[in-house]
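Worksheet: one structure, shown below.
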Amino acid sequence: MIEVGSASDVGLVRTRQEDRRLHRGTLIAVADGMGGLSRGDVAAQTAVDYLSQLNLIEPKTSRARAEIRDAVARANVEISRSCPRGTMAGTTLAGAVRGQATSRSAWLIFHVGDSRVYEYSEGEVQRLTRDHSLISELVAAGVITPEQAKYHPQRAVVTRAIGTEAAAYPDFRLVTDTGQIILACSDGVSDCLEDEEIARIIEAGLRDGEDLGEIAHLVVDGALAAGGYDNATVVLARSVADE
């Protein structure tokens with residue numbers, strides 16, 4: 001059984017909501033339409049629409065990996081095909097699906113672009129994805145520091161997205177299900193909140209007896225309080241024992 005909570009806000013600067021979120025069965029996802037392109041909201045909706053068609057109810061993670069890869073490929077073609085001449089649309093995508101990996105239960109993490117997936121456990125947050133972005137590559141190469149990356153003029157440049165000329169294939173990661181909270185979010189959350197701040201918000205919510213829906217709203221409210229420069233969307237999930 002999966003407990004899920006989500007929240008989304010247009011933010012304090014944007015006038016259009018280009019984020020989309022999904023929860024279906026054991027699958028969660030967040031898509032962030034790229035604001036620098038036209039029809040970013042359409043691209044994000046297309047990505048979650050293709051994911052929502054998958055039958056991923058307690059799947060084998062190997063099958064889930066193949067089906068998610070195929071859904072992303074089909075969404076990529078559909079977004080590119082449907083764009084009017086002279087326009088472009090694109091979206092990032094990040095999420096997780098709980099399934100069976102050999103003899104253990106696990107979360108299959110997937111992402112394209114700079115939307116992220118984290119896990120929260122025992123007061124700490126760990127990032128499970130590495131941004132497909134120019135800044136991430138520069139940090140990995142040692143060209144700039146993580147602190148410099150926060151203010152770099154090219155921090156919004158994404159190197160992989162669905163619907164653009166950039167490669168659209170997702171990266172995957174398998175994480176054993178230990179009862180941790182899985183969090184998928186758009187960069188409107190991760191750009192405003194440090195990992196430690198996300199952990200503190202979740203920890204405080206759990207301490208106060210909040211459910212995942214209420215905690216999701218606390219995370220989005222935190223992003224708004226920290227600037228709210230972009231659409232902010234988060235989906236939280238964890239497995240719970242059947243009663």
Side-chain angles (χ1 to χ4, degrees), residues 4-9 11 18-23 27-35 40 43-44 47-48 51 68 72 90-98 107-121 124-140 146-147 149-150 152 154-162 166 168-175 180-202 212 215-216 218-224 226-238:
V4 176
S6 68
S8 186
D9 196 281
E18 295 186 312
D19 287 356
R20 296 293 187 270
R21 50 187 157 151
L22 174 67
H23 164 229
L27 171 70
I28 64 169
V30 169
D32 180 359
M34 297 168 66
V48 299
L51 275 184
I68 291 168
V72 168
T91 184
T92 67
L93 179 69
V97 60
R98 186 182 183 276
W107 288 97
L108 178 66
I109 312 300
F110 59 92
H111 83 294
V112 180
D114 61 356
S115 290
R116 293 179 180 174
V117 180
Y118 298 84
E119 67 173 358
Y120 169 88
S121 180
E124 295 186 356
V125 156
Q126 179 183 351
R127 195 183 310 176
L128 300 178
T129 54
R130 175 180 167 184
D131 295 351
H132 298 138
S133 67
L134 176 61
I135 291 303
S136 179
E137 293 178 0
L138 292 176
V139 171
E147 186 63 28
K150 298 176 185 177
H152 197 282
Q154 293 180 296
R155 62 185 179 276
V157 177
V158 175
T159 55
R160 198 184 300 183
I162 304 172
Y169 53 90
D171 282 347
F172 293 94
R173 179 174 179 175
L174 202 59
V175 178
Q180 74 272 52
I181 293 174
I182 301 295
L183 180 153
C185 67
S186 62
D187 65 352
V189 172
S190 57
D191 281 354
C192 287
L193 296 175
E194 298 290 343
D195 296 0
E196 296 79 8
E197 293 173 308
I198 296 173
R200 283 196 294 270
I201 292 170
I202 297 175
L212 292 191
I215 293 173
L218 291 175
V219 173
V220 169
D221 288 346
L224 298 182
Y229 309 114
D230 200 352
N231 303 155
T233 300
V234 62
V235 183
L236 303 172
R238 64 179 169 188

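Heavy-atom minimum distance, Val30 versus Cys185: CG1-C, 4.0 Å. Nearest approach of Val112 to Ala168, heavy atoms of both residues: CG2-O, 3.6 Å. Pairing each heavy atom of Asp114 with each of Asp131, the nearest pair is O-OD1, 3.8 Å. For the pair Ala29 and Leu93, the tightest heavy-atom approach, listed with the atom from each and the gap, is CB-CD1, 4.2 Å. Minimum heavy-atom separation, Ala184 to Gly95: CB-CA, 4.3 Å. Looking at every heavy atom in both residues, Ala226 comes nearest to Cys192 through CB-O, 3.5 Å.
Note that CD1 of Ile28 is 7.5 Å distant from CG of Leu236, once rounded to the nearest 0.5 Å. To the nearest 0.5 Å, atoms CG (Leu174) and CH2 (Trp107) are separated by 12.0 Å. The line from CG of Leu224 to CG of Asp230 is 11.0 Å long, rounded to the nearest 0.5 Å. Note: Glu196 CD to Glu124 CD = 9.5 Å, rounded to the nearest 0.5 Å. With rounding to the nearest 0.5 Å, the separation of CG in Leu128 from CD in Glu119 is 4.5 Å. Atom-to-atom distance recorded for Leu51:CG and Ile68:CD1 is 6.5 Å, nearest 0.5 angstrom.
Between the side chains of Ser186 and Asp19, at least one donor N or O lies within less than 3.5 Å of an accepting N or O. Side-chain contact check for Arg21 and Thr233: no donor-acceptor pair (N or O, by modelled atom type) lies under 3.5 Å.
Using a 30° and 60° split on the angle between ring planes, Phe172 and Phe110 fall in the tilted class, from 30° to 60°.
Contact check for Val234 versus Ile198: no side-chain heavy atoms found under the 4.5 Å cut-off. Counting heavy atoms from C-beta on, the side chains of Tyr120 and Leu183 never come closer than 4.5 Å. Looking at Ile182 and Arg98, their side chains never come closer than 4.5 Å, going by heavy atoms from C-beta outward. With contacts defined as side-chain heavy-atom distances shorter than 4.5 Å, the pair Asp191/Tyr229 does not qualify.
When the side-chain hydrogen bond (donor to acceptor under 3.5 Å, both in side chains) test is applied to Thr92, the partners found at least two apart in sequence or on another chain are Ser115. Remark: Arg238 engages Glu3 in a salt bridge (charged side-chain N to carboxylate O under 4.0 Å, His left out) (not counting sequence neighbours). Partners of Asp187 by salt bridge (charged side-chain N to carboxylate O under 4.0 Å, His left out), not counting sequence neighbours: none found. Qualifying side-chain hydrogen bond (donor to acceptor under 3.5 Å, both in side chains) partners for Arg20, counting only residues two or more places apart in sequence or in other chains: Gln45. For Asp171, the salt bridge (charged side-chain N to carboxylate O under 4.0 Å, His left out) partners two or more places apart in sequence, or in a different chain, are Arg160. The salt bridge (charged side-chain N to carboxylate O under 4.0 Å, His left out) check on Arg200 picks up nothing, with sequence neighbours excluded.
Under the 3.5 Å distance criterion, the side-chain polar atoms of His132 are left unmatched by any main-chain donor or acceptor of Ala161.
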